[in-house]
Amino acid sequence: MANTAQPQKIESNKCFGGVREKYEFVSSTLGGTKAKFNVFIPLKASSTRKAPILYFLSGLTCNEDNFITKSGAPQYAARYGLALVCPDTSPRGVDIAGDSDAWDFGKGAGFYVNATQAPWSKYYNMYDFVVTELPKALQSIKSLADVLDFGNVSLFGHSMGGHGALMIYLRNPQSPYKSCSAFAPVTNPTQCRWGQKAFKGYLGANAKDWTAYDSTELVKALTASDKNKLNVLLVDQGTADFALTLGDDKQDQLSTKQFEQVCKDNGVKASVRYQDGYGHGYDFIASFVEQHIAFHAKFLLSEQLKQSLVSHIDSVIQLIDTESKQNEVVENAQSQADAVTFETAGKVITCKAAIAWKEWDEKEKEPLKIEEIEVAVPKETEVRVKLLCTGVCHTDWYTLSGKDPEGIFPSILGHEGCGIVESVGAKVTSCQPGDVVVPLYIPECKACKFCTSGKTNLCQAVRATQGRGLMPDKTVRFQCKKQDIYHFMGTSTFAQYTVLPEISVAVVDRSVLAQKLEKETCLLGCGVTTGIGAVQNTMNVKPGSNVAVFGLGGVGLCVIQAAKNRKCSRIIAIDINVNKFEMAKKFGATDCVNPLDAKYKDRKIQDVIVELTDGGVDYSFECIGLPSTMRSALECCHKGWGESCIIGVAASGQEISTRPFQLVTGRVWRGSAFGGTKGRTGVPLIVREFLNGGINVKDLVTDVVPLSRINEAFWLMKQKEKVSIRTVVNLWE
């Protein structure tokens, strides 16, 4: 970066005993455009009593004036002896087509990123401007350098600026920033329209490049050392904020509750307050700005100065701390009230289970046998769960058929479940008896290389033993007729009780039971989360896209509904069972194609899809598990940018193939397991979305049988006379 030009003072006005000054300078970071910023200097700032600096980052459409003139903040900054610095939200006077066409992109909407895409990259580098060039500009002004404490700074912001403040603070845990707060921040911009539009324009189409500017993703990626350097975050959110339900699809642009949960799950301290009835604008900011400034004063002022202002700071900080402590007390009291003790705790439990004693050759009518088993007491890092119901998935059939190289017998199959924690080991801290849980076949330890990479959900903490049907200590917790019974996928949900590692349990909303939705909730342990996550996480499908879905089972239907929720323009459902087409259309398919239809005789299905879509789809999803359909899914993608996602699991020893030219010409092949979802972090959020009506699970449950008739589920899966998407087994009927 070239040397920063000397800023020129263009305004100066007395304000609450101090002075508000506006400066302008030619910014090299912003492509030689003129950048403006406001500074409020409190009355008592001097060379012997330098004022700490509090940066404020404004939201969409704002400039350097909005906050400092509308919020009432200078009076509180004056009281606590803090300087305020308010930069603009983007470069101005840029000669780029489209710079001024929209309120949420370009002028007034810099999103505090460093653009990498031409022509924006020359000018739109607001991250470097705020973090590096602006502090240097301030220090170059002698009158400011003499009275401001550049080693003692904090930042806060609103909406897009709240995103900027949180993101900058989380990206720079070793920086001089002492604290951070936000009003109605955009906490997960990679997953909302505001952020996606800006990030695609400034950073390009590869969503992986966006995560470096996403606060939610940054929280997940923090190391233990980084977390220890951060002070508590303060976030205020109005409950009547229009941005919580924006547009026809009521999409949440802010994701405040999700951010709060992600912080909690990842050990990042955050005080998130929901202010009843408040909206998104300056009325909201002005109502709570004193509390935010006092919050920062607590971290910025020396002990001597804090003592001199104790009557002011303590009263305001006490309000924040009291609210936080009250919330904590309520949560703890609720938790203790909800905790229960089961009579079976500490004892071996005898119960029923469906055991797979051997491979199924499909000649026997009953591949599973209902037996009485003994379930051992959980060890110190384990959880014993009373399962209420379980789904029967194609993966269970796959292992039962003997095609699974990790299949081991005798075992208790099943991996889609919902239950209640019955007892826990001595070192378990993340759940307690009485919690409603979903077992996880992909755990989340939050500590291994995979969990901390921020790149995958494929936790490897117990992989070596789980693949051998064992618990982490290389033993089992099930016995039948004095014979050891192996575990399956670390879950074994075809039993009335099971034992899992703590890291393989997702604690979900207890209202699941009150609403009698345990049958639907169990499907979030695999099929639903897999399909929705593949669209949202693995592929990050963009609005307006064309999508092809191969296979209309539970996973395929969830891909379809997720694509619909992403506002895809065309969703093509592909299956040889035409009886499933009505269901596909109910979930959001715009077209249904049967590859065996006579009109497609002697034609490859990929050629049919390419013709239907004028060159191919933007995204395709293979939800069957056949190498032939995997190839078709790739080859129906559009040249240059089409991406295909493999979800279905092929039989052992199968290989995929295509002409290399398919990839050379820009198509991309990806794979997805559990939809890229981190179980303990992500499943509770998906359950909450389901409870709020955002996901259709009810229509996936086409059959319900008692445990005594569990074998019917496998026959229902194979027949084609009726549509059977998922059979749920009630384990206690």
Intermediate values then yes/no, side-chain contact (heavy atoms from CB on, under 4.5 Å), L612 and V593: CA-CA 10 Å; L612 286 173; V593 176; 4.0 Å; yes

Discussion item. Pair N188, F259 - check side-chain contact (heavy atoms from CB on, under 4.5 Å), show working.
Written reply: CA-CA 8 Å; N188 197 191; F259 181 72; over 6 Å; no

TODO: May I have the step-by-step check of side-chain contact (heavy atoms from CB on, under 4.5 Å) for N546 and H638, ending in yes or no?
DONE: CA-CA 10 Å; N546 291 331; H638 202 291; over 6 Å; no

For Q258 and V262: C-alpha separation, side-chain torsions, deciding distance, then whether side-chain contact (heavy atoms from CB on, under 4.5 Å) applies. CA-CA 6 Å; Q258 172 186 293; V262 169; 4.3 Å; yes

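Applying the side-chain contact (heavy atoms from CB on, under 4.5 Å) test to N206 and every residue at least two apart in sequence or in another chain returns K208, D209. Evaluation of the side-chain contact (heavy atoms from CB on, under 4.5 Å) rule for A354 yields L368, I370, F494, L707, I710 as partners, not counting sequence neighbours. Under the ring-ring contact (aromatic ring centres under 6.0 Å, His included) criterion, Y600 pairs with no residue at all, not counting sequence neighbours. Legend: residues meeting side-chain contact (heavy atoms from CB on, under 4.5 Å) with S724, ordered by chain and number and at least two apart, are T702, D703, L716, Q719, K722, T727. Scored by the ring-ring contact (aromatic ring centres under 6.0 Å, His included) test, W194 finds W103 as partners (sequence neighbours excluded). Checked against side-chain contact (heavy atoms from CB on, under 4.5 Å), K455 has the following partners two or more places apart in sequence or in another chain: S453.
Side-chain contact check for E518 versus L513: some heavy-atom pair is nearer than 4.5 Å. For the pair I725 and V723, the minimum side-chain heavy-atom distance is below 4.5 Å. Contact annotation: the side chain of P595 approaches that of I574 to within less than 4.5 Å [non-hydrogen atoms, C-beta and beyond]. For the pair F550/C636, a side-chain contact is recorded, criterion being any heavy-atom separation below 4.5 Å from C-beta on. Between F674 and T529, the closest side-chain pair of non-hydrogen atoms falls below 4.5 Å. For the pair Q251/Q253, a side-chain contact is recorded, criterion being any heavy-atom separation below 4.5 Å from C-beta on. Considering only heavy atoms from C-beta on, F690 stays 4.5 Å or farther from V512 through its side chain. Contact check for S644 versus R667: no side-chain heavy atoms found under the 4.5 Å cut-off.
A side-chain donor-acceptor contact under 3.5 Å links S632 to the backbone of S628. Listed for the Q466 side chain is a donor-acceptor partner under 3.5 Å among the backbone atoms of Y441. Using modelled atom types, no side-chain atom of E416 and backbone atom of C393 make a donor-acceptor pair closer than 3.5 Å. Judged by distance alone, with hydrogens and angles left aside, the side-chain atoms of W732 form a donor-acceptor pair with the main-chain N or O of L387 at under 3.5 Å. A distance-only check finds a donor-acceptor pair linking the side chain of T187 to the backbone of L254 [under 3.5 Å]. A donor-acceptor pair is defined here as one N or O able to donate and one able to accept, closer than 3.5 Å; such a pair exists between the side chain of N457 and the backbone of A673. In this structure, S620 contributes its side chain and A548 its backbone to no donor-acceptor pair below 3.5 Å. Using a distance-only test at 3.5 Å, with no hydrogens or angles considered, no donor-acceptor pair links the side chain of E444 to the main chain of C459. Between the T538 side chain and the V535 main chain, no donor and acceptor come within less than 3.5 Å of each other. At distances below 3.5 Å, not a single donor-acceptor pair connects side-chain atoms of D404 with backbone N or O atoms of Y398.
Listed by first and then second residue, the salt bridge (Lys or Arg N to Asp or Glu O under 4.0 Å) pairs involving residues 615-638 are R631-E635 (not counting sequence neighbours). Sorted by first and then second residue, the pairs that involve residues 706-716 and meet salt bridge (Lys or Arg N to Asp or Glu O under 4.0 Å), not counting sequence neighbours, are R709-E712. Identified under the salt bridge (Lys or Arg N to Asp or Glu O under 4.0 Å) test for residues 524-550, with sequence neighbours left out: none. A ring-ring contact (aromatic ring centres under 6.0 Å, His included) check over residues 693-713, counting only residues at least two apart or in different chains, returns nothing.
Nearest heavy-atom pair, T677 versus G533, reported as atom, atom and distance to 0.1 Å: OG1-CA, 4.2 Å. Summarising the geometry of I503 relative to A461, their closest heavy-atom pair is CD1-CB, 3.8 Å, with the distance given to 0.1 Å. W210 approaches Q196 most closely through the heavy-atom pair CZ3-CG, 3.9 Å. Heavy atoms only, all atoms of each residue included: A184 and D241 are closest at CB-OD2, 3.4 Å. Heavy atoms only, all atoms of each residue included: D435 and R510 are closest at OD1-NH2, 2.6 Å.
Here the straight-line distance linking atom CD of Q654 with atom CG of L626 works out to 8.0 Å at 0.5 Å rounding. The distance from atom CG of N577 to atom CG of L596, rounded to the nearest 0.5 Å, is 10.5 Å. Note that the CG atom of L634 and the CD atom of Q606 stand 9.0 Å from one another [nearest 0.5 Å]. Atom CZ of R680 sits about 8.5 Å away from atom SG of C431, to the nearest 0.5 Å. Taking NE2 of H394 as the reference point, atom CE of M717 lies at 7.0 Å (rounded to 0.5 Å). Note that OH of Y497 and CD1 of I412 are 14.0 Å apart. Values are rounded to the nearest 0.5 Å.
Under 4.0 Å is where a charged nitrogen must lie from a carboxylate oxygen, and between K698 and E520 no such pair does. The residues D591 and R570 are annotated as salt-bridged, a charged nitrogen and a carboxylate oxygen being separated by less than 4.0 angstrom. Using a 4.0 Å cut-off between charged nitrogen and carboxylate oxygen, E217 and K220 count as a salt-bridge pair.
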Counting only pairs under 3.5 Å, give me each side-chain donor-acceptor contact of residues 551-566, with atom names and distances, residues two or more places apart or in other chains.
{"residue": "Q561", "atom": "OE1", "partner": "N696", "partner atom": "N", "Å": "2.9"}
{"residue": "Q561", "atom": "NE2", "partner": "N696", "partner atom": "O", "Å": "3.0"}
{"residue": "N565", "atom": "ND2", "partner": "Q561", "partner atom": "O", "Å": "3.4"}
{"residue": "R566", "atom": "NH1", "partner": "N540", "partner atom": "OD1", "Å": "3.0"}
{"residue": "R566", "atom": "NH1", "partner": "V541", "partner atom": "O", "Å": "2.8"}
{"residue": "R566", "atom": "NH2", "partner": "Q191", "partner atom": "OE1", "Å": "2.8"}

Do any side-chain atoms of residues 580-587 form donor-acceptor pairs under 3.5 angstrom with protein atoms, and if so which ones, sequence neighbours left out?
{"residue": "K586", "atom": "NZ", "partner": "D699", "partner atom": "OD1", "Å": "3.4"}
{"residue": "K586", "atom": "NZ", "partner": "D699", "partner atom": "OD2", "Å": "3.1"}

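Judged purely by distance below 3.5 Å, without hydrogens or angles, the side chains of T190 and D214 pair a donor atom with an acceptor atom. For the residue pair H280/S159, the side-chain donor-acceptor check at 3.5 Å is satisfied.
Checked against T390 for a side-chain contact (heavy atoms from CB on, under 4.5 Å), the options L413, V729, D396 give a single hit: V729.
Ring geometry for F199 against H163 counts as tilted: the plane angle lies between 30° and 60°, on a 0 to 90° scale.
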